[in-house]
Amino acid sequence: MNKKSLAWKFFDISTTPHMSKCKLCDSLVTRRGKSLKSYGTTAMVKHLRLKHSKEFELVGEKKVQSFPSISETSVASTTNTVQSNIIQALNKKKLWNIDDHGSIQIHKIIGKLITLDIEPFSIVEDTGFNELIKDAYPNYKLPCRTYFSQNVIPSMYDKLLEDIKIKVSATNYLSLTTDIWTADTAKIAFLSITGHWTDPTKFSQETAVLRVIHFPENHTGVHIKEYLQKGLESFKILLSKVHLIVTDNASNMKVVVKNSGMTSTPCFIHTLQLCIHDSILSQKTFKEILTLCRGIKIHFNHSPIAFAKIKSI
């Protein structure tokens with residue numbers, strides 16, 4: 001039975017079938033209908049308007065005042081929606097602070113791009129790259145190259161270095177590969193140390209470049225050993241933990257291994273290369289053919305007309 005009508009504030013259900021009892025005058029008023037579904041309050045409302053109009057109107061006014069009108073609710077709802085849309089529009093155009101969580105995540109993405117693809121820091125100043133970032137992340141303000149070189153990349157390096165140190169310390173043994181190489185662009189020599197070990201929890205092979213050290217000294221065995229030890233000490237790697245070290249066949253590397261007391265094995269590829277090189281160049285005929293081929297290559301590299309002709313064949 002629905003008692004939402006205001007009339008029920010003045011009536012109770014009577015024990016007499018199909019009747020209700022007025023609380024103000026004890027009068028019995030019909031509810032009409034022959035079942036609960038067909039009962040109504042029309043007669044009850046009519047009774048209140050005729051006999052108790054003041055009381056009924058007073059309750060009605062309170063009911064109306066307690067709820068806003070449909071128009072008021074609609075206006076308030078529309079206003080809130082408009083305000084919400086304006087705020088959202090402003091937030092979409094608002095640039096994030098450089099230290100915001102969203103900005104930090106994008107810093108890392110760009111930093112990863114620079115490191116993995118060996119991109120110059122100046123990429124953040126390229127017009128096309130700026131347009132890409134602006135379209136992908138409208139709220140992100142791309143920092144200058146100095147911010148990446150002095151903040152983002154060093155932070156990523158420190159975290160990666162710490163992770164590798166934890167992994168190296170957790171393994172019982174590891175092997176090393178080392179070599180000295182010279183950068184063609186700047187003619188600067190570097191000593192690289194790469195570690196190889198097995199993860200004891202996953203039983204999987206792990207490899208990491210532990211150090212790439214600027215090597216300004218003469219490439220003697222004594223100097224190489226000194227820099228190699230510095231690299232191992234930075235990771236707290238004891239010589240007893242090194243299973244073996246792989247080097248090329250150079251005499252200075254052999255001196256390093258001998259003086260350090262580490263077990264070593266020569267690089268197979270380098271050894272094979274020496275065998276092939278020595279066996280081929282020991283033949284006079286092959287040396288003449290090689291010289292002739294180099295002359296042909298130089299000719300076509302320096303003659304656009306000849307290069308175009310051989311390309312058309």
Side-chain angles (χ1 to χ4, degrees), residues 114-118 153-154 156-284 286-287 290 294:
I114 292 173
T115 53
L116 291 180
D117 293 346
I118 317 179
I153 302 300
M156 294 174 64
Y157 171 82
D158 291 339
K159 185 180 183 305
L160 180 60
L161 179 62
E162 190 62 29
D163 291 342
I164 293 176
K165 284 183 176 181
I166 293 173
K167 291 181 178 180
V168 170
S169 64
T171 187
N172 295 324
Y173 297 97
L174 79 162
S175 296
L176 303 173
T177 53
T178 185
D179 193 15
I180 295 177
W181 53 277
T182 302
D184 294 334
T185 54
K187 300 302 178 183
I188 298 176
F190 295 93
L191 172 69
S192 65
I193 307 171
T194 304
H196 311 266
W197 67 94
T198 301
D199 188 314
T201 58
K202 301 178 182 177
F203 204 72
S204 59
Q205 182 180 348
E206 298 283 340
T207 300
V209 178
L210 302 181
R211 293 299 304 271
V212 175
I213 310 171
H214 177 216
F215 195 86
E217 311 290 346
N218 291 327
H219 296 184
T220 63
V222 175
H223 289 145
I224 296 173
K225 177 187 174 184
E226 177 186 349
Y227 277 76
L228 182 61
Q229 287 180 336
K230 288 181 180 179
L232 297 180
E233 287 171 1
S234 64
F235 282 85
K236 298 180 180 180
I237 299 174
L238 301 176
L239 292 180
S240 59
K241 196 173 185 176
V242 179
H243 173 61
L244 62 82
I245 180 170
V246 179
T247 67
D248 58 23
N249 292 273
S251 58
N252 53 1
M253 284 297 183
K254 292 180 180 179
V255 172
V256 172
V257 173
K258 181 179 179 181
N259 294 338
S260 65
M262 291 185 288
T263 303
S264 70
T265 184
C267 174
F268 174 75
I269 298 298
H270 186 254
T271 303
L272 182 62
Q273 182 186 21
L274 290 177
C275 293
I276 296 174
H277 182 272
D278 292 344
S279 62
I280 289 178
L281 293 183
S282 63
Q283 300 180 38
K284 182 179 178 181
F286 186 84
K287 290 176 69 173
L290 187 61
R294 285 174 178 167

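Just so it is clear, the structure is predicted and the values come from calculations on it, not from any experiment.
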Closest heavy-atom pair, T207 versus Q205, reported as atoms and distance to 0.1 Å, is OG1-NE2, 3.9 Å
Contacts of S234 meeting side-chain hydrogen bond (donor to acceptor under 3.5 Å, both in side chains) (sequence neighbours excluded), chain-then-number -> R211
With sequence neighbours left out, the residues meeting side-chain hydrogen bond (donor to acceptor under 3.5 Å, both in side chains) with K165 are none
_Pair M262-L239, side-chain contact (heavy atoms from CB on, under 4.5 Å): steps then yes or no_ = CA-CA 7 Å; M262 291 185 288; L239 292 180; 3.8 Å; yes
Rounding to 0.5 Å, atoms CE (M156) and CG (L161) come to a distance of 13.5 Å
To the nearest 0.5 Å, atom CG of L274 lies from atom CD1 of I269 at 11.5 Å
Taken in chain and number order and not counting sequence neighbours, the residues that satisfy side-chain contact (heavy atoms from CB on, under 4.5 Å) with K167 are W197, E206
| With a 4.5 Å heavy-atom cut-off, do I245 and V256 have their side chains touching? | no
Note: A208 and I164 closest approach over all heavy atoms is CB-CD1, 4.0 Å
Residues at least two apart in sequence or cross-chain that pass side-chain hydrogen bond (donor to acceptor under 3.5 Å, both in side chains) with T220, listed by chain then number, are H223
So NE2 of H196 and OG of S175: to nearest 0.5 Å the spacing works out to 7.5 Å
ask   = Is a donor on one side and an acceptor on the other found under 3.5 Å between the side chain of T171 and the backbone of V168?
value = no
Beyond-backbone contact of Q283 with K287, side-chain heavy atoms, under 4.5 angstrom: no
When every non-hydrogen atom of S279 is compared with those of S282, the smallest separation belongs to O-OG, 2.7 Å
Sorted by chain and number, sequence neighbours left out, side-chain contact (heavy atoms from CB on, under 4.5 Å) with P266 holds for N249, T271
Can you tell if the side chain of T194 reaches within under 4.5 Å of the side chain of L210, non-hydrogen atoms only? no
Residues passing the salt bridge (charged side-chain N to carboxylate O under 4.0 Å, His left out) test with E226, sequence neighbours excluded, are K230
Taken in chain and number order and not counting sequence neighbours, the residues that satisfy salt bridge (charged side-chain N to carboxylate O under 4.0 Å, His left out) with D199 are none
key: Under 3.5 Å donor-acceptor, K241 side chain and N172 backbone   = no
Residue pair L290 / I280, side-chain heavy-atom distance below 4.5 Å: no
Tell me, do M253 and L228 make a side-chain contact under 4.5 Å, heavy atoms counted?
no
Residues passing the side-chain contact (heavy atoms from CB on, under 4.5 Å) test with H214, sequence neighbours excluded, are I188, F190, P216
What one should report as the nearest heavy-atom pair of S192 and T178 is O-OG1, 2.8 Å
Here the ring pair (Phe, Tyr, Trp, His ring centres under 6.0 Å) pairs for residues 245-270, sequence neighbours left out, are none
Looking only at heavy atoms, the pair that brings P200 and A170 closest together is CG-O, 3.9 Å
* Would you mind reporting whether T247 and D179 have side-chain heavy atoms less than 4.5 Å apart? => no
Those residues at least two apart in sequence (or on a different chain) that pass salt bridge (charged side-chain N to carboxylate O under 4.0 Å, His left out) with K254 are none
Residues at least two apart in sequence or cross-chain that pass side-chain contact (heavy atoms from CB on, under 4.5 Å) with V246, listed by chain then number, are T177, L244, T265, C267
Smallest heavy-atom separation, I224 atom then L191 atom, equals O-CD2, 4.3 Å
Residues at least two apart in sequence or cross-chain that pass ring-ring contact (aromatic ring centres under 6.0 Å, His included) with F215, listed by chain then number, are H219, Y227
